[in-house]
Asker: 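Input: one structure, supplied below.
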Amino acid sequence: MNGKRHAALRAATVLAATGLVLIDAGSPAAQEQEASGTTSGTTVLEQIVVTARRREEKIQEAPVAVTAIPAEELGKGRTDTMEDAAFRTPNVLFNGQGGPVSIRGVTSLGISGGVDRQPAVGMFLDDVYLARPMGYPFILEDLERVEVVRGSQATLYGKNTIGGAVNLISREPGDTAGGEFSATIGTDLDRRFKAAFETPIEGTDWAVRASAAWSGNRGYIENLVTGEDVSDTDLFSGRIVATGEVGDGTKIRIIGDYTRDRSDGGLWYAPLPLAFDHEATHDFEPENSVDSGGLSVRIDHEFETVRLTSITAFRGHEMSSYLDGDFTATPFIGQAQEETQRQFSQEIRLSSLDDDVFRWSGGLFYMHERFEGTQYFDLAAFPRDVWSRDVFEQSADTVSVFGEAGYFLTPQWELSAGGRYTYDRKSTTSEISSPSGSFMFGTPGRAEGDVSFSNVSPEAALTYHLSEGNIAYAKISRGYKSGGISPYIEADGTANRYDPETTTSYELGTKATSADGRFTLAASLFYIDWKDQQAVIYTTPFTRVYRNAAAATSKGLEIEATAQITEELGLRFGYGYTRAGYDDFVDTVMGAVYTGNDLPFAPRHSVSAGLRFERELEAGAVLKAGLDYTFRSSYAFTADNGYRQEPTHLVDAHIGIEKDGWSASLWAKNLTDERYLKNYFSYSGTDMGVAAPSRTIGITLAKVW
């Protein structure tokens, strides 16, 4: 679009508390309503602008399946974690022991993958790729919005996005000084305190926003051995955002964030009857420590017809966790994991400004990562410094060249195509040792290796623009996830190498906006062909390795709708159907045939619905209330489908009053006290799990100025 339209679009980024969809305030429908006197600011759905395709565009104009959760819906008592965000999105599931995000059944290995967990759904914080799940934000505080992009996204996003991508966008400072403070108290001593302040810097074109939040609770699981409440929370997070202009047409954004987690780890596995009663029997006093953060600098410079974007980022995390290894009251086994990770990334993009008929973008990406991870497993009677261990060290470099272009063949038909070339190189060392002499990790050994891979991932789409906010599209895209060397060692003592895996996604979609701007619809059909899936299989009954051992397909549909029923009442609804299964997966050593089984973390049906009510009261007060419902049908945790989570129904609610910047809100999460598992695995033939928290009720008091 031209510069004027682009500036107008940026200025019109108004995020709607009711949810997903938009209408342009300058559209004929909006003008007609204004002329008839029916426009009130809530009758017409306010628009959301997303960056799902690495540029600002209205969500109803983007030929991509994306769910956007705006700032008004984020925070304590609302959408507070990635699990909450996944529940808001069709065909998406979050599980801490898995990828951890699964989209349309596509995810990565769970706890059997060892310390080297490579996600299949990319997580991006302000356009910066987060390489490891332990470096993900724990809570969704002080964000402008969350975007969940479904389907293979390798062309514009790159690394490990065969299932999709999640964009977390930080809040930026405004033009005037202001701030906010909030305090929350809830059941199980659930607490959250947040403070934020922003201000322009006098005499300059710069502004700064700083925020900090602390969360804590006493835990919701009772350890029957000690009688104490466990699975507690002790979490601090902070972020500083500085924005400014340098010279003519150059904008700079600097963001620094830090998270400190001293919770007890939360892995209170117990046999399922105990787990569903929120009970455990651990003799081992757990220890957990996670520190993560980063710094990014984004520079945007607009030439006459081209924008140059540079994003430079440093990130990393350190993690240490010690816990009960046998999950019983007997002091038998202890286990632990330690990680240190550092990454540097640089992305340079060029993109057109005037894209009325022809638009294009392209660039270069480089990332270097250094990772060290150690798993410990041994008899609890031994001192920790002699526990058996598997030490894994990896140095990885990724270089990518990417580009995309779109051309309007006619005023309605747009053809777009793109591709990304990626080169990955990894150097690793794996070492198994047992200073205690118990050999709990198997035969000691050391293996070193170097691997490199290259890939070309194309994408093409044909979009028909019927009118503003009404499109139909067809798209095909290729996803790529790099191969590597696992922490395991082959039976002959060599490094365990495995190849990349790929997905080919086919999608048909449509988006529609009613003439009066009060209703919107987005729907898509998809088919995913997943080849060379990386899986853990056994080489002996006691040793395992990575192999490209599986092939799978996933197919289904998604529907999302929003409606402003009256000036006071808004509705959102989402439904997803996924049929995802293994086409070929056999573990010959263990005699296990998984062919035909459902993929893990892929419920057949998913439903999300929400009601929002807002009414002006006397003396300028505003009453706000909301009710949210989520459903996930049964799904498996493992490839053998040995245990399946029962269908899950979750209900959340909130009601509050706002006046003169003050607000008080009463909220409830899991109002019906549904019991379901967060984590599961089979331990010596016993089904073990950790159940999600029960009903939580709280009140939040806040002041915004």
Side-chain angles (χ1 to χ4, degrees), residues 67 69 73-105 107-108 110-111 117 119-121 123 125 130 133-141 143 145-148 150 163-168 186 188 190 192 215 217 219-221 231 233 235 237 259 261 263 265-268 275 278 290 574 576 600-603 606-610 628-633 635 637 645-652 667-680 689-696 698:
T67 297
I69 307 173
E73 291 293 304
L74 300 174
K76 192 66 174 176
R78 305 289 183 89
T79 303
D80 193 42
T81 65
M82 268 310 304
E83 181 180 20
D84 294 334
F87 277 138
R88 286 267 311 240
T89 311
N91 290 331
V92 178
L93 193 71
F94 181 91
N95 185 276
Q97 77 183 47
V101 181
S102 170
I103 296 181
R104 296 173 173 175
T107 186
S108 57
I111 56 176
R117 297 173 62 190
V121 174
M123 183 74 67
L125 177 59
L130 309 183
M134 291 308 303
Y136 292 178
F138 290 89
I139 57 175
L140 304 177
E141 274 286 5
L143 297 178
R145 67 185 178 275
V146 174
E147 300 172 359
V148 183
R150 301 183 293 278
V166 178
N167 291 325
L168 309 177
D188 294 323
D190 192 19
R192 170 78 56 84
S215 298
N217 63 48
Y220 66 95
I221 296 175
S231 195
T233 300
L235 179 67
S237 62
T259 297
D261 182 18
S263 310
L267 294 178
W268 291 89
H278 293 136
V290 183
F601 311 116
S606 59
V607 177
S608 175
D628 294 287
Y629 169 74
T630 296
F631 170 76
R632 291 294 184 269
S633 62
Y635 59 89
F637 285 86
Q645 170 66 55
E646 292 294 322
T648 305
H649 305 261
L650 297 177
V651 178
D652 299 338
W667 52 264
K669 301 285 289 184
N670 192 7
L671 187 62
T672 59
D673 201 16
E674 185 85 343
R675 301 297 171 96
Y676 66 99
L677 295 184
K678 293 198 305 179
N679 305 87
Y680 164 86
V690 181
S694 55
R695 179 191 304 112
T696 304

Asker: Is it true that a side-chain atom of Thr107 and a backbone atom of Val101 form a donor plus acceptor pair closer than 3.5 Å?
Answerer: yes

Asker: As a quick check of understanding, evaluate side-chain contact (heavy atoms from CB on, under 4.5 Å) for Val121 and Val166, giving each step before the final call.
Answerer: CA-CA 7 Å; Val121 174; Val166 178; 4.2 Å; yes

Asker: Okay, side chain of His649, backbone of Tyr629: is any donor-acceptor separation there less than 3.5 Å?
Answerer: no

Asker: Could you check whether Thr648 and Arg675, counting side-chain N and O atoms only, form a donor-acceptor pair closer than 3.5 Å?
Answerer: no

Asker: Spell out, as yes or no, whether a donor-acceptor pair under 3.5 Å connects the side chain of Asn95 to the backbone of Lys678.
Answerer: yes

Asker: Where the side chain of Glu674 meets the backbone of Leu650, is there a donor-acceptor pair that is under 3.5 Å apart?
Answerer: no

Asker: Would a distance-only check, ignoring hydrogens and angles, find a side-chain to backbone donor-acceptor pair under 3.5 Å from Asn91 to Ser606?
Answerer: no

Asker: Is a salt bridge present between Lys669 and Asp80, judged by a nitrogen-to-oxygen distance below 4.0 Å?
Answerer: no

Asker: When rounded to the nearest 0.5 angstrom, what distance separates CE in Met82 from CG in Leu168?
Answerer: 7.0 Å

Asker: Of the non-hydrogen atoms in Thr81 and Leu140, which two are nearest, and what is the gap between them?
Answerer: O-CD1, 3.4 Å

Asker: I need the minimum non-hydrogen distance between Gly266 and Val690, along with the two atoms involved.
Answerer: O-CG1, 3.7 Å

Asker: Between Lys76 and Asp190, does any side-chain N to carboxylate O distance fall below 4.0 Å?
Answerer: yes

Asker: Hey, can you tell me if Phe87 and Tyr676 have their rings parallel, tilted or perpendicular (30° and 60° cut-offs)?
Answerer: perpendicular

Asker: Given the rule in the side-chain contact (heavy atoms from CB on, under 4.5 Å) test, do Tyr635 and Leu93 qualify, once you have shown the distances and angles that lead to the verdict?
Answerer: CA-CA 10 Å; Tyr635 59 89; Leu93 193 71; 3.6 Å; yes

Asker: Between Ile69, Asp628, Leu143, which is the residue that forms a side chain to side chain contact (heavy atoms under 4.5 Å, CB included) with Thr79?
Answerer: Ile69

Asker: For the residue pair Pro693 and Ile221, establish whether any side-chain heavy-atom pair is separated by less than 4.5 Å.
Answerer: no

Asker: Any idea how Phe637 and Phe601 line up, ring-wise: parallel (<30°), tilted (30 to 60°), or perpendicular (>60°)?
Answerer: perpendicular

Asker: Within the distance-only criterion (no hydrogens, no angle test), does the side chain of Asp673 pair as donor or acceptor with the backbone N or O of Arg695 below 3.5 angstrom?
Answerer: yes

Asker: Do Asp652 and Trp667 have side chains that get closer than 4.5 Å, going by heavy atoms?
Answerer: no

Asker: With side chains defined as the heavy atoms from C-beta onward, is the minimum distance between Phe138 and Ser237 less than 4.5 Å?
Answerer: no

Asker: Between Ser231 and Asn217, which heavy-atom pair has the shortest distance, and what is it?
Answerer: O-OD1, 4.0 Å

Asker: What pair of heavy atoms forms the shortest contact from Ile139 to Ser215, and how long is it?
Answerer: CD1-OG, 4.1 Å

Asker: Would Val146 and Asn167 count as a side-chain contact (heavy atoms from CB on, under 4.5 Å) if you check the C-alpha gap in whole Å, the side-chain angles of each, and the deciding distance to 0.1 Å?
Answerer: CA-CA 6 Å; Val146 174; Asn167 291 325; over 6 Å; no

Asker: Looking only at non-hydrogen atoms, find the nearest pair between Pro119 and Ser108 and report the distance.
Answerer: CA-OG, 3.6 Å

Asker: How long is the span from the CZ atom in Arg145 to the CG atom in Leu74, to the nearest 0.5 Å?
Answerer: 11.0 Å

Asker: If you round to the nearest 0.5 Å, how far is OH of Tyr220 from NE2 of His278?
Answerer: 5.5 Å

Asker: For Ser608 and Arg88, test the side chains for any donor-to-acceptor distance below 3.5 angstrom and give the result as yes or no.
Answerer: no

Asker: Is Arg192 salt-bridged to Glu141, going by a charged N under 4.0 Å from an acidic O?
Answerer: yes

Asker: Under 4.5 Å between any side-chain heavy atoms of Phe94 and Ser102, yes or no?
Answerer: no

Asker: Can you see which heavy atom on Ala86 is nearest to which on Arg632, and at what distance?
Answerer: O-NH2, 2.8 Å

